[in-house]
Amino acid sequence: MNDINKQQTALLVGCLLDQRNEERMRLSLEELGELARTAGVDVLDVITQNRDRVDSAWYLGSGKIQEIAQQAEELDVDVIIFNDELSPSQNRNLEATFDCRVIDRTQLILDIFAGRAHSREGKIQVELAQYNYLLPRLAGQGNQLSRLGGGIGTRGPGETKLETDRRHIRRRIGELKQQMDEVVRTRNLHRERRKKNQTYQIALVGYTNAGKSTLLNRLTEADILEEDKLFATLDPTTRQLELPSGKEVLLTDTVGFIQDLPTALIAAFRSTLEGVQEADLILHVVDVHHPDFEVHMEVVDKVLKDLKAEDIPQLVVYNKADLLEGSRYLPRAENSIQMSALHDQDLKNLLDQIEGIVLTGYNMVELIIPMERGDVLSMLHRAGLEMEQEYSEDGTAYLVNVRIRPDEPIFGKLIPFMVHPPVQNEEEW
Ligand SMILES: Nc1nc2c(ncn2[C@@H]2O[C@H](COP(=O)(O)OP(=O)(O)OP(=O)(O)O)[C@@H](O)[C@H]2O)c(=O)[nH]1
Ligand SMILES: [Mg+2]
């Protein structure tokens, strides 16, 4: 049995399927290395093979498998990590061949998620994903199961040992689903309440390590873990943010995206992103310094589309510009800003740009409100922006200039007090 406290060592294995696109493969293996590092594993070597398709029984050719076995023994690694999701039978065959543990990309990601889930919801989701992954892989496993229980790929949520009996697993999956339903119900209630309050909501989304948590921290003085590791954030965090005009909005940090997200994790991942659908504005954070940032953007766009969030106004934040040497071609986006989360002036510019977008949804209205209608005035204080008020000359009314959204519930009640009646489809009058 491996000692969990000892730094684990690994050998990475990849199959180069698309030889026309070697660069992509290289980056994908590099990402696997980053994932391993995030899981606390030291990568000692990387072995690859060019093939037209993966071998259904062994993933790679038999000669290559021998080579891997030899190298693993020579380097005395604890684990061999495959850069794809292995089928249950590939997994079994490889386990039987090598003297060390075998895990795939999915298990590695599940393991990182397990180590990082803190909220009740996050823990339930990861445990559910782990059991869904494990269940089809239990058939025929005999003594291999005894290997579970130490090191990466075997960690359960909250560090508990995973149950390995199928009957127990099925029962546990049922329980977890029920608990999840409850959590979702409560969260929906909270969200509805927030929506009723009409608070403007902004969601930070983007590929893992793009700098979302850093931005939230710098903008709101929150205290969220920011790390040069993948999946630093799992649980959505929401903080209040004050814009230069004084308007308060809510800013939410979300889980980072990654290519080839394990199937078992997609549901878990989606549900942590459900709040994004209700956002009034999405800040799509991009690490422009990363060589593959355009692919990262595509991954993000695709997930947003799946979430039916593609029509929400978006501001693309090309972040980490401080790391760029010279200029770089950036894909055109309707609204975008190039900046560094580490520079105060850039953060100010970002806030101004956000405010510009927030305010386009508002109409400037001029009102005459009789003195005795203090109730209308206080509604305006709550729902309006940049409000200016003064007494009328005869002292019987307030003259008010204020920005307000036409979809604001009180908008209709204001019409009798408006100096000019509202004009449709016009932003300001
Ligand atoms: N040089 C530089 N580093 C940055 C910038 N923004 C963030 N970083 C660094 O990038 C790393 C990742 O930042 P995070 O804020 O944790 O990234 P994230 O998008 O929240 O990542 P996940 O939670 O994994 O999805 C950290 O080491 C940050 O210090 C920037 O503008 N410039
Ligand atoms: Mg983060």
Side-chain angles (χ1 to χ4, degrees), residues 30-40 108-119 122 125-126 202-239 241 251-262 265-266 268-270 272-273 275-276 282-293 295-297 299-301 303-304 307 314-328 330 336-351 353:
E30 222 166 73
E31 189 170 84
L32 187 72
E34 283 293 304
L35 287 167
R37 194 169 66 83
T38 296
L108 184 57
I109 294 179
L110 283 173
D111 193 71
I112 295 172
F113 271 57
R116 288 176 178 240
H118 296 300
S119 68
Q125 284 172 340
V126 175
I202 303 177
L204 286 158
V205 302
Y207 208 76
T208 179
N209 212 40
K212 301 176 292 296
S213 301
T214 308
L215 275 169
L216 184 71
N217 283 339
R218 301 293 141 106
L219 291 171
T220 69
E221 282 151 35
D223 193 15
I224 302 163
L225 177 73
E226 35 180 280
E227 261 190 306
D228 194 11
K229 284 189 174 174
L230 306 186
F231 299 122
T233 309
L234 271 191
D235 300 322
T237 309
T238 302
R239 289 279 180 283
L241 167 69
L251 187 60
T252 302
D253 189 14
T254 62
V255 57
F257 298 15
I258 194 161
Q259 352 177 13
D260 310 322
L261 192 75
L265 260 182
I266 288 178
F269 181 82
R270 288 272 156 75
T272 52
L273 282 170
V276 170
I282 289 174
L283 297 188
H284 177 171
V285 186
V286 182
D287 172 359
V288 277
H289 170 65
H290 196 285
D292 223 7
F293 79 94
V295 173
H296 294 177
M297 290 181 77
V299 171
V300 174
D301 285 336
V303 178
L304 287 178
L307 289 169
Q314 223 184 83
L315 173 61
V316 179
V317 179
Y318 291 116
N319 192 34
K320 305 201 191 181
D322 57 294
L323 297 176
L324 286 184
E325 286 160 15
S327 63
R328 174 157 210 182
L330 296 173
S336 68
I337 180 170
Q338 190 175 336
M339 62 167 293
S340 165
L342 310 182
H343 294 162
D344 287 342
Q345 187 54 48
D346 285 2
L347 292 169
K348 286 204 184 84
N349 295 345
L350 174 65
L351 285 179
Q353 200 150 336

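Bear in mind that the values here come from a model prediction, so they are computed numbers and not experimental data. When a ligand or atom number is given, it counts from 1 through the structure's own listing order.
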Within the 4.0 Å heavy-atom shell around Asn319, which atoms of ligand 1 are there?
5 (C), 6 (N), 31 (O)
List the residues meeting side chain to side chain donor-acceptor pair (under 3.5 Å) with Thr220, not counting sequence neighbours, and say none if there are none.
none
Using a plain distance cutoff, I'd like to know if Asp253 has any nitrogen or oxygen under 3.5 Å from a nitrogen or oxygen of ligand 1.
no
So which bit of Leu323 gets within less than 4.0 Å of ligand 1, heavy atoms only: side chain, backbone, both or neither?
side chain
So is there a nitrogen or oxygen of Asp322 less than 3.5 Å from a nitrogen or oxygen in ligand 1?
yes
Considering both backbone and side-chain atoms of Gly211, is one of its nitrogen or oxygen atoms within less than 3.5 Å of a nitrogen or oxygen in ligand 1?
yes
If I take atom CG from residue Leu32 and atom CD from residue Glu30, how far apart are they, to the nearest 0.5 angstrom?
11.0 Å
With heavy atoms only and a cut-off of under 4.0 Å, state how Thr214 meets ligand 1: side chain, backbone, both or neither.
both
Hydrogens and angles aside, do Ser340 and Asp346 bring a side-chain donor and acceptor to less than 3.5 Å of each other?
no
Could you list the atoms of ligand 1 found under 4.0 angstrom from a heavy atom of Ala341?
6 (N), 30 (C), 31 (O)
Are a donor atom and an acceptor atom from the side chains of Gln353 and Asn349 found within less than 3.5 Å of each other?
no
Within the structure, is a non-hydrogen atom of Ala210 found at a distance of less than 4.0 Å from ligand 1?
yes
Could you confirm whether Ser213 has any N/O/S atom lying under 2.8 Å from the Mg ion (ligand 2)?
yes
Any idea which atoms of ligand 1 are less than 4.0 Å away from a heavy-atom of Gly256?
25 (O)
Could you check Arg218 against Leu350 for side chain to side chain contact (heavy atoms under 4.5 Å, CB included), going step by step and ending with a plain yes or no?
CA-CA 12 Å; Arg218 301 293 141 106; Leu350 174 65; over 6 Å; no
Answer yes or no: is there a donor N or O on one side and an acceptor on the other, between the side chain of Thr238 and the main chain of Thr252, under 3.5 Å?
no
Should the ring pair His296 and Tyr207 be called parallel, tilted or perpendicular, given that the plane angle runs from 0 to 90° and is split at 30 and 60?
parallel
Ligand 1 to Ser340, heavy atom cutoff 4.0 Å, flagged ligand atoms 30 (C), 31 (O), 32 (N)
Given 3.5 Å as the limit, does a donor-acceptor pair link the side chain of Asp287 with the main chain of Lys320, or not?
no
